[in-house]
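So the structure is just underneath, and the comments pick up after that.
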Amino acid sequence: MKTTLLAAALALAAGTAFADPIEGLWQTQPDDGAFAHVKIAPCGENYCGTIVRTFKTEGEYASPNLGKAIVIDMTPKGGGAYQGQVWRPSNGKTYLGKIALNGDAMKLAGCVAGGLFCAKQSWTRIK
């Protein structure tokens, strides 16, 4: 019995240890008066983020962007850096995306011209 419990505990700990630091629920910075909660999870070998809740100053609302991918195919580059694509809901455009992760804080950039010009946001981990 003790062996079975130990094996189960080790398996659970191993599964937790393999979770990437970017995985979880994140709150975006407000953009054009609205912000969102984004769930980041594996998508194939990379990471994607889907809008799961949306808010305005008045509170939560049912945005047409619910369920849409905002972080697309982010590849880990090491040292908390990721690269892929980001979608900006306020203008419907997709950009070269870069993420710099530092614990429960994320700097996300959407760039054009090969990364020469970037707009940045700060996101915070909710859980």
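Residue numbers run from 1 in the order of the sequence given.
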How many angstroms lie between CH2 in W123 and CD in Q29, if you round to the nearest 0.5 Å? 10.5 Å
Could you tell me whether a side-chain N or O of T50 sits under 3.5 Å from a main-chain N or O of K39, the two making a donor and an acceptor? no
Using side chain to side chain contact (heavy atoms under 4.5 Å, CB included) as the criterion, list what pairs up with D31, not counting sequence neighbours. R88, S90, Q121
Enumerate the side chain to side chain donor-acceptor pair (under 3.5 Å) contacts for residues 52-61, please, sequence neighbours excluded, ordered by first and then second residue. R53-E60
Pair up each side-chain donor or acceptor in residues 97-120 with any protein partner under 3.5 Å, not counting sequence neighbours, and list the distances.
residue : atom : partner : partner atom : Å
D104    : OD1  : R125    : NE           : 2.6
K107    : NZ   : S122    : OG           : 2.9

So, for K68 and W87, which heavy atoms are closest and what is the spacing to 0.1 Å? CD-CH2, 3.7 Å
On a heavy-atom basis, the closest approach of W26 and G24 is CD1-O, 3.6 Å
Residue list, salt bridge (charged side-chain N to carboxylate O under 4.0 Å, His left out) with E45, at least two apart or on another chain: none
Looking only at heavy atoms, which two atoms of L96 and V86 are closest? And how far apart? O-CG2, 4.4 Å
Give the minimum heavy-atom separation between P42 and E23, together with the two atoms involved. CD-OE1, 3.5 Å
Side-chain donor-acceptor contacts of residues 69-77 below 3.5 Å, not counting sequence neighbours, with atom names and distances?
residue : atom : partner : partner atom : Å
T75     : OG1  : N46     : OD1          : 3.0

Taking C-beta and beyond as the side chain, do Y82 and I40 meet within less than 4.5 Å on heavy atoms? no
Listed partners of F55 passing ring pair (Phe, Tyr, Trp, His ring centres under 6.0 Å), at least two apart: F35, H37
